[in-house]
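Accompanying notes for the structure given below.
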Amino acid sequence: AKTREDKRYILFEPSMQAIIAERLQLETNLRQALYQGHFCNYYQPIVNLSTGHPVGFEVLARLHNPEQGWISPEKFIPVAEETGLINPLGWWVFDEACRQLKQWQKQFLDIPLVLNINVSPIQLKQSNFANRIRETLKKVNLEVHHFKLEITESSLLENFPVQTEQLFKLSSIQIPLCIDDFGTGFSSLSRLHEFPIATLKIDRSFIHQITTSPKHSSTVQMILALAKALDIDVVAEGIETMEQLEFLRDLGCEFGQGYFFSQPLDSGDASAYIKRLYQK
Ligand code: C2E
Ligand code: CA
Ligand code: CA
Ligand code: CA
């Protein structure tokens, strides 16, 4: 039979200890990074698949640590969510995106760029979330249609009343909502009627095997048919090859994003990208 000692041994197994230590270290790093300005935004183009023209960018947070170099959001976002740091971080990302968009509007007159902002379910627990979005836009003189908020399917689950309230407020201020990683969660389809959803982003796990797996390609076809019936735009995520692009275009998918078009770019490279594609 297992004794107390056994359990204690299991709990403090070195590998576990190392994981806990790494988490703590990361939490401390995140807190400092916010104060010291070590975060920056990267921008990945979202492209119209028939014209090849970008319609906007997804804003992706990056963390540069002076000692450890670049730290992936796959690592720091979960820690930020667990510690609540996702809230100040999320506002930093949004404020910075507003500043960048103002600069691009000044630099490239009349270019209709839209920025997609990732919003974690934790952020939607803030009772002032929708209000603060509206106030910020008013302050910097930008419109709701300059942005899309990317929320994950878990934000749509019925048993999150606080998030639901914010989603209703967001739709009342008419900021477009986008379901991220669509197909990987369990949101009930009926919820797609409840809030005006502007866009579905098909998770890249489906796109990855779209040309090789009939199961994946029929799932994508089904999502495209659903979106069409509901008059919702579709963005295919993670397009890496010409074959995937052509396959999706033939299925009638209108928008896409992925390394085939461009990696996420820092603001300087994103400016050069806009210049190249719009001003020729
Ligand atoms: P996501 O929202 O699904 O973002 C797309 C991710 O796919 C990005 O990873 C992007 O770099 C990557 N990607 C784009 N094209 C391709 C491709 O062709 N192939 C492959 N394999 N990957 C591609 P990234 O930047 O590492 O971000 C990871 C996740 O971290 C994001 O997934 C998002 O959930 C989260 N995240 C990033 N920035 C923020 C943020 O500002 N706020 C919040 N709440 N979450 C963020
Ligand atoms: Ca996203
Ligand atoms: Ca995604
Ligand atoms: Ca994801």
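Indexing begins at 1, ligand by ligand and atom by atom, following the structure's order.
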Can we say Arg23 and Glu82 salt-bridge, meaning some charged N sits less than 4.0 Å from an Asp/Glu carboxylate O? yes
Polar proximity ligand 1 side, Pro264 side, N/O cut 3.5 Å exclusive: no
Does Glu74 reach ligand 1 with a nitrogen or oxygen that is under 3.5 Å from one of the ligand's nitrogen or oxygen atoms? no
Ligand 1 atoms in contact with Ser120 (distance to a heavy atom under 4.0 Å): 44 (N)
Within the 4.0 Å heavy-atom shell around Pro73, which atoms of ligand 1 are there? 24 (P), 25 (O), 26 (O), 27 (O), 30 (O), 37 (C)
Under 4.0 Å from any heavy atom of Gln44, which atoms of ligand 1 are there? 14 (C), 15 (N)
Just jot down the ligand 1 atoms closer than 4.0 angstrom to any heavy atom of Glu237, in number order. 3 (O)
Got an N/O contact under 3.5 Å between Arg204 and ligand 1? yes
Glu240 vs Gln244, test: side-chain contact (heavy atoms from CB on, under 4.5 Å). Steps then yes/no. CA-CA 7 Å; Glu240 293 181 354; Gln244 291 165 349; 3.8 Å; yes
Where ligand 1 meets Asp181 - atom numbers and elements under 4.0 angstrom, heavy-atom basis: 3 (O)
Report yes or no: does Gly238 have a heavy atom closer than 4.0 Å to ligand 1? yes
Under the salt bridge (Lys or Arg N to Asp or Glu O under 4.0 Å) rule, what do Glu58 and Lys201 come out as? Steps first, then yes or no, please. CA-CA 11 Å; Glu58 177 174 3; Lys201 296 185 81 172; 2.9 Å; yes
Looking only at heavy atoms, what is the nearest atom pair of Phe129 and Leu149, with distance? CE2-CD1, 4.2 Å
Looking at ligand 1, would Gln263 count as a contact under a 4.0 Å heavy-atom criterion? no
Taking the side chain from Thr219 and the backbone from Lys215, do they hold a donor-acceptor pair closer than 3.5 Å? yes
Should the ring pair Phe76 and Phe39 be called parallel, tilted or perpendicular, given that the plane angle runs from 0 to 90° and is split at 30 and 60? perpendicular
Hey, does the side chain of Gln68 reach the backbone of Asn65 with a donor-acceptor pair shorter than 3.5 angstrom? no
Check each atom of ligand 1 against the heavy atoms of Glu240 and keep those under 4.0 Å away; list them by number with element. 17 (C), 18 (O), 19 (N), 20 (C), 21 (N)
Sort by chain and number the protein N/O/S atoms that are closer than 3.0 Å to the Ca ion (ligand 2), and list them. Glu58 OE2, Asn118 OD1, Glu150 OE1, Asp180 OD2
Regarding Arg132 and Glu135, does a basic nitrogen lie under 4.0 Å from an acidic carboxylate oxygen? no
Check whether any side-chain N or O of Gln257 sits under 3.5 Å from a backbone N or O of Gly238 as a donor-acceptor pair, and report yes or no. no
Shortest heavy-atom approach to atom 39 (C) of ligand 1 - which of Leu63, Ile77, Asn41: Ile77
In this structure, does ligand 1 have an atom that sits under 4.0 Å from one of the heavy atoms of Glu58? yes
Which of the ligand 1 atoms, numbered from 1, are nearer than 4.0 Å to a heavy atom of Gln123: 44 (N)
Ring centres under 6.0 Å, that's the criterion: do Tyr273 and Tyr43 meet it? no
What atoms in ligand 1 come closer than 4.0 Å to a heavy atom of Val93? 41 (O)
Going by heavy atoms in the side chains, are Asn48 and Phe255 under 4.5 Å from each other? yes
Any side-chain heavy-atom pair from Leu230 and Lys228 closer than 4.5 angstrom? no
Shortest non-hydrogen separation from Leu63 to Ala33 and the atoms involved: CD1-CB, 3.4 Å
